[in-house]
Number of protein chains: 2
Amino acid sequence: MDPKPKIPRPTAKRLSRYFRELKQLVDAGRSTISSKQLGVALGLTGAQVRKDLTYFGQLGSPGVGYDVERLYLRLRQVLGRDRVWNAALVGAGNIGRALLAYDHFTVGEFHITAVFDSDERAIGVDHGGRVVQPMNRLSSFVAEHEIRIGIVAVPASAAQEVVDAMIEAGITGILNFTPRHLDVQDGVSISSVDFTLALEQLAFQVSLGLTGSLDDDPS
Amino acid sequence: MDPKPKIPRPTAKRLSRYFRELKQLVDAGRSTISSKQLGVALGLTGAQVRKDLTYFGQLGSPGVGYDVERLYLRLRQVLGRDRVWNAALVGAGNIGRALLAYDHFTVGEFHITAVFDSDERAIGVDHGGRVVQPMNRLSSFVAEHEIRIGIVAVPASAAQEVVDAMIEAGITGILNFTPRHLDVQDGVSISSVDFTLALEQLAFQVSLGLTGSLDDDPS
DNA sequence: TTTTGTGAAACGCTTCACAGCG
DNA sequence: CGCTGTGAAGCGTTTCACAAAA
């Protein structure tokens, strides 16, 4: 009930994983689950699960556990998965095209509504109904279609410039596929997908003979 | 000089970022850099940079900073970037093909040496000199070509099965592109690239009106 | 002076452990 | 009993702050 519950970062990062697991449980018709059981499925302790979930209210019943559907719906709301998210993609290269081909997401209300590119040769090409537009159309399109998410799939050297244009256009969330640290102003969120970084970290782990993942919470 | 310096996980995750920055500085002909300056470039404090770097020896000079080339070479060695890494890709779908087209990595000694797929229609197709092979060839190929890294770019439902086959074949590092938690035995490293998770976390951040990234260290 | 390397303090997250509820 | 919610303890990481080196 606090106005700003201040969710710890690690908790925020785990939320999507809870949500995925809950989705599966709902689909499987499971009615309740204990923090212990949820923890086992995700490689966490029961205490961790309980702490995380209490940030969103008293959701469980002592002696019983959590109502699967109730928890699912709460997380769906908290994560903003109960709305439609329209995204504008910039960059129609390999990664961009792979995203356009993918498109259908799990509980899917993420939509890549438009594609932009600065390369004239890419412009005009249709990708599943979305025709590649020139960059100078970005701003008006974002405004007209209430786009909130921008996906950056351009060469690293152009990334910051594209991000600046997106923010200028009114986008407040950026999904970054380039291996670059991007500066954003207050009020703009960033999430990065960097497979070269993942590969480099993997090589490091293999060099050291480590087990498991650098991201994982201790198993 | 300790036999096992026990590098903190957060430090390990930052190493590749230092390395990238150093690479750029080397290419730019820069001779020295201070921890403060390195920190600014990566969104870290100077103290953080110094703490991280001391895990690999006394590398800096008071009053001067760090010798760019020396630090670069040390990190290159620590990260295992002074060797060639051969990787086997399983899955010739959208993501797999994007990887095959990408291929050239920064200081590039990562090579996707072979591609495998279980779909007969994909087999035999050439991707930049690498012909897609059937899954039953994986084991012998890995053994013959000293492959240490396996890249999983198959549908989520097939992921664990593919991972098991890779480990069976002797692969010790797995780069996972599926949105699944994969179980691996001791001695096997995993690194995941999950853009649906990144997108979900982004939506959450936007919902909350947060600034910055969940991954970032505080700026 | 500038800047490193580093103990010590501060911080944040996880785990513990248990009161209380069903 | 089983299980949640939670204050408090424990632990790992970051930040501070300064002696020492260039």
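Letters A, B, ... are given to chains in the order of the sequence lines, protein chains preceding strands, and every chain is numbered from 1. If you're wondering where the values come from, they're calculated on a predicted model, not measured in any experiment.
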With a 4.0 Å cutoff (strictly under), does any side-chain N or O of B:Arg14 reach OP1 or OP2 of D:dT14?
yes

Please classify the nucleic acid contact of A:Leu59 as base, sugar-phosphate, or nothing, using heavy-atom distances under 4.0 Å.
sugar-phosphate

Just by modelled atom types, is the B:Gly60 backbone N or O under 3.5 Å from a matching donor or acceptor in the B:Arg50 side chain?
no

Can you check the B:Leu53 CG to C:dT6 P distance for me, whole Å?
12 Å

Would you check, one step at a time, whether the test salt bridge (Lys or Arg N to Asp or Glu O under 4.0 Å) holds for A:Asp194 with B:Arg20?
CA-CA 13 Å; A:Asp194 186 343; B:Arg20 277 186 189 172; 2.9 Å; yes

Distance check: side-chain N/O of A:Ser35 vs OP1/OP2 of D:dC3, anything under 4.0 Å?
no

Rounded to the nearest angstrom, tell me the gap between atom OH in A:Tyr55 and atom P in D:dT6.
11 Å

Could you please name the option among C:dT4, D:dA8, C:dG5 that lies closest to any side-chain atom of B:Thr54?
C:dG5

If only side-chain N and O atoms of A:Gln48 are considered, is one of them under 4.0 Å from the OP1 or OP2 phosphate oxygen of C:dC13?
no

What is the separation between atom CG on B:Asp52 and atom C1' on D:dT15, rounded to the nearest whole Å?
13 Å

Rounded distance in Å - CZ (A:Arg9) to P (C:dC11):
16 Å

State whether B:Gln58 places a side-chain N or O below 4.0 Å from either non-bridging phosphate oxygen (OP1 or OP2) of C:dT4.
no

Whole-Å distance separating the CG atom of A:Leu38 from the C1' atom of D:dC3:
13 Å

B/S/- along nucleotides 17-22 of chain D (protein heavy atoms under 4.0 Å) is B---BS

Apply side chain to side chain donor-acceptor pair (under 3.5 Å) to the pair A:Gln201 and B:Arg14, showing each step before the final yes or no.
CA-CA 9 Å; A:Gln201 290 178 349; B:Arg14 282 188 292 268; over 6 Å; no

Could you tell me how far apart A:Ile7 (CD1) and C:dT14 (P) are, to the nearest whole angstrom?
13 Å

Any side-chain N or O of A:Gln37 below 4.0 angstrom from OP1/OP2 of D:dC3?
no

For the pair A:Arg83 and A:Glu109, find out whether any cationic side-chain nitrogen is under 4.0 Å from an anionic carboxylate oxygen.
no

With no angle test and no hydrogens, is the base of C:dG7 tied to the side chain of B:Lys51 by a donor-acceptor pair under 3.5 Å?
yes

At under 4.0 Å between heavy atoms, what does A:Lys36 touch on the DNA or RNA strands: base, sugar-phosphate, or nothing?
nothing

Given 3.5 Å as the limit, does a donor-acceptor pair link the side chain of B:Glu69 with the main chain of B:Val26, or not?
no

The side chain of B:Ser34 is closest to which nucleotide in this list: C:dT6, D:dT13, C:dT3?
C:dT3

Would you kindly give the CD1-to-P distance between A:Ile33 and D:dC3, to the nearest whole Å?
11 Å

Working note: A:Ile149 + A:Phe110, criterion side-chain contact (heavy atoms from CB on, under 4.5 Å); need CA distance, chi angles, decisive distance, verdict.
CA-CA 10 Å; A:Ile149 289 182; A:Phe110 288 105; 4.3 Å; yes

In whole angstrom, give the distance that lies between atom CG of A:Leu44 and atom C1' of C:dT15.
13 Å

Can you check whether B:Asp67's main-chain N or O pairs, donor with acceptor, with B:Thr32's side chain at less than 3.5 Å?
no

Should the pair B:Phe195 and A:Phe177 be assigned to parallel (<30°), tilted (30 to 60°) or perpendicular (>60°) ring geometry?
tilted

Nearest to the side chain of A:Thr45 - C:dC13, D:dT14, C:dT15?
C:dT15

So, OP1 or OP2 of C:dG5: does either fall under 4.0 Å of a side-chain N or O from B:Tyr66?
yes

